[in-house]
Amino acid sequence: MAELIGLEQLMSRGRLPGHPVAFREGEALGFASLVVRAAGWRAAFERHGGRRQALYFDDTFEFSAALLGAWHAGVCVYLPADAQPATLARLRDEVDGFAGKIPAEYAPLSPGEGREGGWTPLSPEARALVVYTSGSSGEPTAIPKRLRQLTREVATLAALFEERLGEARVVSTVSHQHIYGLLFRVLWPLTAGRPFAAHGLTYPEDIVAALRQGPAGLIASPAHLKRLPDMLDWAQVRGNLRALFSSGGPLPLEALQACRALLGQAPVEVYGSSETGGIAWRQRTGDDALAWRVMPGVEVGTREEMLTVRSPHLDLPEGDWLRTEDRVRLLPEGFELLGRGDRLLKLEEKRVSLSALERTLLEGGLLREARVLPLEDGHRLAVVAVPSEAGWKLHGEEGKRALNQALRQQLTSRFEPSAFPRRFRYLEAMPVNSQGKSTEASLAALFDPRRPRARVLEQSADRALLTLEASADSPYFEGHFPGTPILPGVTQVHWAIHFGRELFTLPPDFLRLAALKFQRVIQPGTSLTLELTWKKERGSLDFKLTSDTGVHASGRIVFGGANV
């Protein structure tokens with residue numbers, strides 16, 4: 001095993017030129033290559049002069065070089081979760097510049113020719129990083145990090161888990177643009193001298209292919225581990241899986257059982273947040289209810305049932321505690337998570353706990369997951385839920401209205417009717433972002449009147465069949481055309497893309513349309529069937545919209561862009 005070198009001394013002490021840092025398409029990238037690229041980025045940041053730079057990269061090796069180059073140029077790195085227009089527009093006022101896979105309008109920096117020497121140790125007190133919360137309860141919040149916080153957390157991870165990995169390389173389904181991916185996929189491997197894959201694993205097939213190449217540690221999230229298809233040949237490759245990690249949200253029992261059966265081991269679950277850093281961990285090899293074990297150096301307590309933390313991973317005045325939004329029960333061996341805090345909302349002059357509503361909805365056994373959120377008018381609540389087998393059975397036999405009513409009935413003993421949710425959306429799986437989180441914005445979007453009512457009838461890794469309703473009150477019919485409204489063709493394509501992204505992991509960039517045909521108009525009130533076929537090797541999503549009258553539209557949508 002390679003020598004552990006702290007982040008502050010990594011470039012000044014260095015490693016042997018040929019020591020592998022990363023693998024890209026089968027090619028090993030050595031430490032000498034990292035030094036050259038980091039020097040080029042350092043020169044670019046020094047020439048620019050700005051002390052706050054936003055980095056967004058697909059390639060983890062190039063990201064690592066830019067990160068180290070920025071730190072050695074005295075730059076604080078801002079880490080957006082994505083490069084969507086709204087994200088970049090918000091960042092424009094917070095940073096002095098951009099680097100990486102950023103639109104040209106933001107004038108992103110490129111690495112130049114830089115001196116390879118002159119590396120001096122970094123200051124532990126340097127303001128090194130600004131990360132953002134996932135925005136699961138609203139707008140993302142900026143969280144600054146000093147270098148010593150990152151160094152201490154990496155040292156904790158190495159002390160706890162280094163022996164599990166041995167000589168294995170690191171592969172990941174999680175983006176390095178998130179603090180969990182940054183720590184586990186980039187900073188810990190750099191410190192440990194452990195090579196990592198430059199590209200992420202987007203699909204379960206990619207995980208199998210990566211494990212075929214030899215011993216590896218897999219960095220994953222619940223969103224990925226909930227979607228492991230049992231038809232892949234896991235038995236052939238799971239012997240190469242040295243360690244499995246999961247973070248970013250609770251791991252459902254079904255996903256835990258799938259990991260045990262398909263991957264041959266339970267994941268090491270890591271509990272923490274962008275703000276707190278790592279707090280605790282557990283590995284439920286045999287005990288489904290195993291308590292969380294507190295990480296070395298971390299102290300936990302409670303205040304009004306809410307978890308409080310004091311940790312070297314935080315930047316607080318000495319002796320101060322941070323109160324989290326998680327309810328816990330302290331145990332001799334650690335603690336048990338009881339769910340999020342009350343998330344109180346004032347509704348018709350009365351306080352309502354959204355968290356208590358969620359817990360009550362789950363208790364009846366009709367739902368596997370549930371999120372309650374206020375709608376835009378602020379006077380009504382909505383539920384987004386993943387029904388259980390019993391819930392889908394009721395939905396199928398008696399209809400959505402019957403399931404809605406059964407859930408409201410569960411609330412009658414604890415809540416007044418004014419607190420009952422008025423709108424419901426039932427999904428096969430919760431929508432998640434690149435961090436594996438369901439944001440409030442993505443959940444609220446499900447109630448957008450422009451989104452058709454839909455139900456998934458069949459779904460596999462590459463095909464899905466849905467029913468849609470082109471409701472007469474859809475705003476897409478307005479003005480198209482007066483007196484004889486029909487659904488615009490661009491809306492039909494938009495629906496195919498929308499549900500394609502909900503049901504499959506598509507590349508980020510839309511490239512073009514092909515073989516597009518509109519054969520029959522769609523009038524208000526038409527019940528439609530949407531067939532989607534995802535052809536990963538071609539990057540194409542084929543769609544066909546049909547009804548009882550025949551085929552309405554079909555075509556192929558081509559996507560591209562590197563995996564993260």
**Asked** Hey, are the side chains of Ile179 and Leu150 touching, using non-hydrogen atoms and a 4.5 Å cut-off?
**Response** yes
Report, one line per pair, each donor and acceptor closer than 3.5 Å where one atom sits in a side chain of residues 27-37; sequence neighbours left out.
{"from": "Arg37", "atom 1": "NE", "to": "Glu62", "atom 2": "OE1", "distance (Å)": "3.2"}
{"from": "Arg37", "atom 1": "NE", "to": "Glu62", "atom 2": "OE2", "distance (Å)": "3.2"}
{"from": "Arg37", "atom 1": "NH2", "to": "Glu62", "atom 2": "OE2", "distance (Å)": "2.6"}

**Prompt:** Between Val130, Leu67, Leu182, which is the residue that forms a side-chain contact (heavy atoms from CB on, under 4.5 Å) with Leu79?
**Reply:** Leu182
**Request:** Would you mind listing every salt bridge (charged side-chain N to carboxylate O under 4.0 Å, His left out) that reaches into residues 259-269, with sequence neighbours excluded?
**Result:** Arg260-Asp288, Glu269-Arg282, Glu269-Arg284
**Complete:** residues 493-507 vs salt bridge (charged side-chain N to carboxylate O under 4.0 Å, His left out), sequence neighbours excluded, gives Arg451-Glu502
**Item:** Of Asp206, Thr202, Asp462, the residue whose pairing with Lys536 passes side-chain hydrogen bond (donor to acceptor under 3.5 Å, both in side chains)
**Value:** Asp206
**Fill in**
Residues at least two apart in sequence or cross-chain that pass side-chain hydrogen bond (donor to acceptor under 3.5 Å, both in side chains) with Lys535, listed by chain then number, are Asp542
**Residues forming a side-chain hydrogen bond (donor to acceptor under 3.5 Å, both in side chains) with Gln492, sequence neighbours excluded** = none
**Message:** Can you confirm if the aromatic rings of Phe499 and Trp495 lie within a centre distance of less than 6.0 Å?
**Reply:** no
**Item:** Distance flag, aromatic centroids of Phe245 and Phe161, threshold under 6.0 Å
**Value:** yes
**Request:** Determine whether the side chains of Ser221 and His224 contain a donor N or O and an acceptor N or O closer than 3.5 Å.
**Result:** yes
For residues 226-240, which side-chain N or O atoms pair as donor and acceptor with protein atoms under 3.5 Å away, sequence neighbours left out?
{"from": "Lys226", "atom 1": "NZ", "to": "Glu369", "atom 2": "OE2", "distance (Å)": "3.4"}
{"from": "Arg227", "atom 1": "NH1", "to": "Ala223", "atom 2": "O", "distance (Å)": "2.7"}
{"from": "Asp233", "atom 1": "OD1", "to": "Gln236", "atom 2": "N", "distance (Å)": "3.4"}
{"from": "Trp234", "atom 1": "NE1", "to": "Pro229", "atom 2": "O", "distance (Å)": "2.8"}
{"from": "Arg238", "atom 1": "NH1", "to": "Ala261", "atom 2": "O", "distance (Å)": "2.8"}
{"from": "Arg238", "atom 1": "NH1", "to": "Leu262", "atom 2": "O", "distance (Å)": "3.4"}
{"from": "Asn240", "atom 1": "ND2", "to": "Leu211", "atom 2": "O", "distance (Å)": "2.7"}

